[in-house]
Amino acid sequence: MAKGALEAAVLDAELRAQGRSMGECFGAVRDWVDCGVSVGIAPTLEELLDEVTGYVEEGYRRIKLKIKPGWDLVPVAAVRELIGREAMLQVDANTAYTSDDIPLLASLDPFDLLLIEQPFAEEDLATHVALAQAAETPVCLDESILDVTTAVDAIERGATSIVNIKPGRMGGFLEALRVHDACRAREVPVWCGGMLETGVGRAANVAIAALPGFVLPGDTSASGRYFADDLTEPFVLGTGEHRGQIRVPDAAGTGVTVREELVRDWASRPAVTIGA
């Protein structure tokens with residue numbers, strides 16, 4: 001993550017000096033990218049459905065549900081019924097399952113999910129291969145993919161047929177570009193994951209999500225999904241023909257400017273003590 005932050009800062013400075021945008025540098029082919037939203041594990045099913053309803057009304061083009069043992073079949077079934085069969089829906093397990101759960105995960109097939117994301121431990125490619133063989137729903141790897149070497153290895157073993165690209169996890173955007181290119185050469189779809197970025201990181205993520213291999217909506221949600229005030233001018237969902245999309249910045253570098261007055265205000269506020 002630290003390497004990725006430093007690389008992004010140097011890349012931003014270099015591109016600003018050249019008058020080029022990150023989208024241009026990366027090879028973006030779209031001016032707008034489709035946006036999905038990640039929905040956490042809710043206290044109750046009713047609260048989950050209320051939250052999903054809100055995101056659908058905002059226009060998000062894909063819903064991702066976090067799942068874990070005991071919170072999988074029922075919420076997935078309820079959300080699928082709520083949003084309909086045509087809406088894009090996927091699940092993310094964050095390594096919560098084991099090989100004993102393969103039959104359970106395969107039973108998600110009737111819900112027509114886009115993918116099951118990282119159900120098993122990062123290093124456990126063999127169990128992901130077993131699930132891919134047992135289920136019709138595509139298996140997607142996230143935490144397992146650290147660079148182009150691990151991506152190619154996982155693909156060739158049959159452990160994944162879709163890859164989640166998070167530049168921060170991969171040590172920066174240059175390695176993320178290599179992963180994108182390797183996946184595209186093998187006809188493996190990729191999408192852009194999110195790690196609670198401010199507008200600075202979100203701008204770069206939106207730029208890379210405009211590359212040709214990113215064929216599924218990413219977790220490039222609007223700023224308001226996470227922040228009351230963003231470090232940059234907020235990213236907002238488009239309307240009309242661009243409903244559920246975010247525009248790719250086209251100004252030099254990241255294409256966004258840090259709101260320095262906001263940073264100064266935050267820096268001068270009294271410290272807050274949390275807990276007793």
Side-chain angles (χ1 to χ4, degrees), residues 36 38-41 48 62-81 83 85 87-171 175-176 178-195 213-219:
S38 180
V39 184
I41 295 173
L48 172 67
R62 183 226 68 200
I63 300 294
K64 179 172 83 173
L65 297 181
K66 297 288 187 177
I67 60 171
K68 66 177 183 178
W71 182 266
D72 35 47
L73 294 178
V74 171
V76 170
V79 170
R80 174 51 83 197
E81 181 178 3
I83 65 178
R85 306 301 297 190
M88 289 186 280
L89 177 64
Q90 65 192 54
V91 295
D92 181 8
N94 289 117
T95 76
Y97 294 86
T98 70
S99 58
D100 293 338
D101 298 308
I102 288 178
L104 169 67
L105 295 171
S107 69
L108 292 169
D109 283 347
F111 300 112
D112 296 324
L113 303 177
L114 288 174
L115 55 91
I116 299 175
E117 183 181 351
Q118 197 72 48
F120 311 116
E122 293 95 325
E123 299 84 1
D124 188 2
L125 293 186
T127 304
H128 286 97
V129 172
L131 176 61
Q133 294 171 343
E136 296 179 4
T137 305
V139 175
C140 170
L141 288 183
D142 175 2
E143 289 89 347
S144 298
I145 308 299
L146 302 177
D147 50 30
V148 68
T149 301
T150 53
V152 171
D153 181 47
I155 292 167
E156 292 183 347
R157 293 194 197 195
T160 187
S161 55
I162 300 173
V163 169
N164 174 349
I165 289 182
K166 289 178 179 172
R169 186 190 68 234
M170 295 175 179
E175 189 64 26
R178 296 184 190 104
V179 174
H180 164 271
D181 293 346
C183 289
R184 192 178 181 212
R186 292 163 176 78
E187 299 184 341
V188 172
V190 301
W191 57 281
C192 187
M195 302 186 78
F214 287 81
V215 296
L216 296 174
D219 289 337

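As the structure is a computational prediction, the values presented were derived from the model and not from experiment.
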Checklist entry - With a 4.5 Å limit on heavy-atom distance, are the side chains of Thr137 and Phe111 in contact? => result no
Item to check | Side-chain heavy-atom pair Glu156, Arg186 within 4.5 angstrom cut-off | outcome: yes
Item to check | Nearest non-hydrogen partners of Val148 and Val179, listed with the distance | outcome: N-CG2, 3.5 Å
Item to check | Beyond-backbone contact of Val190 with Arg184, side-chain heavy atoms, under 4.5 angstrom | outcome: no
Checklist outcome for this item: SG (Cys183) and CG (Asp181) are apart, to the nearest 0.5 Å, by 9.0 Å
Checklist entry - Distance from Leu141 atom CG to Leu115 atom CG, nearest 0.5 Å? => result 10.5 Å
Next on the checklist: To the nearest 0.5 Å, what is the distance between CZ on Arg169 and CG on Leu146?
Outcome noted: 7.0 Å
Item to check | Side chains of Thr95 and Glu122, donor plus acceptor under 3.5 Å | outcome: no
Checklist entry - Looking only at heavy atoms, what is the nearest atom pair of Gly40 and Leu48, with distance? => result O-CD1, 4.1 Å
Item to check | Donor-acceptor pair, side chain of Glu143 and main chain of Asn94, under 3.5 angstrom | outcome: no
Checklist entry - Are Leu73 and Leu104 close enough, and set up right, to give a side chain to side chain contact (heavy atoms under 4.5 Å, CB included), and what steps lead you there? => result CA-CA 8 Å; Leu73 294 178; Leu104 169 67; 3.5 Å; yes
Next on the checklist: Please find the pair of heavy atoms, one from Gly36 and one from Pro217, that lie closest to each other, and give the distance.
Outcome noted: N-CB, 4.0 Å
Next on the checklist: For the OG1 atom of Thr98 and the CG atom of Asp124, what is their distance to the nearest 0.5 Å?
Outcome noted: 9.0 Å
Next on the checklist: When you compare the side chain of Trp191 with that of Ile165, does any pair of heavy atoms fall below 4.5 Å?
Outcome noted: no
Checklist outcome for this item: Nearest heavy-atom contact between Asn164 and Cys192 is OD1-C, 4.1 Å
Checklist entry - Where do Ala121 and His128 come nearest, in terms of heavy atoms and distance? => result O-CE1, 3.6 Å
Checklist entry - Taking C-beta and beyond as the side chain, do Asp72 and Val91 meet within less than 4.5 Å on heavy atoms? => result no
Item to check | Partner of Asp219 under salt bridge (charged side-chain N to carboxylate O under 4.0 Å, His left out), chosen from Lys166, Arg62, Lys66 | outcome: Arg62
Next on the checklist: Once rounded to the nearest 0.5 Å, what's the spacing between atom CG of Leu108 and atom CD of Glu136?
Outcome noted: 12.0 Å
Next on the checklist: Using every non-hydrogen atom in the two residues, find where Leu65 and Pro75 come nearest and quote the distance to one decimal.
Outcome noted: CD1-O, 4.1 Å
Next on the checklist: Strictly by salt bridge (charged side-chain N to carboxylate O under 4.0 Å, His left out), give each pair with a member in residues 94-119 just once, sequence neighbours left out.
Outcome noted: Lys64-Glu117, Arg85-Asp112
Checklist entry - CD1 of Ile116 to CG of Leu131: how many Å apart, nearest 0.5 Å? => result 5.0 Å
Item to check | Any Val139 side-chain heavy atom under 4.5 Å of Phe120 side chain | outcome: no
Item to check | Side-chain heavy-atom pair Ile155, Thr160 within 4.5 angstrom cut-off | outcome: yes
Item to check | Side-chain H-bond candidate by donor/acceptor type, Asp153 with Thr150, under 3.5 Å | outcome: no
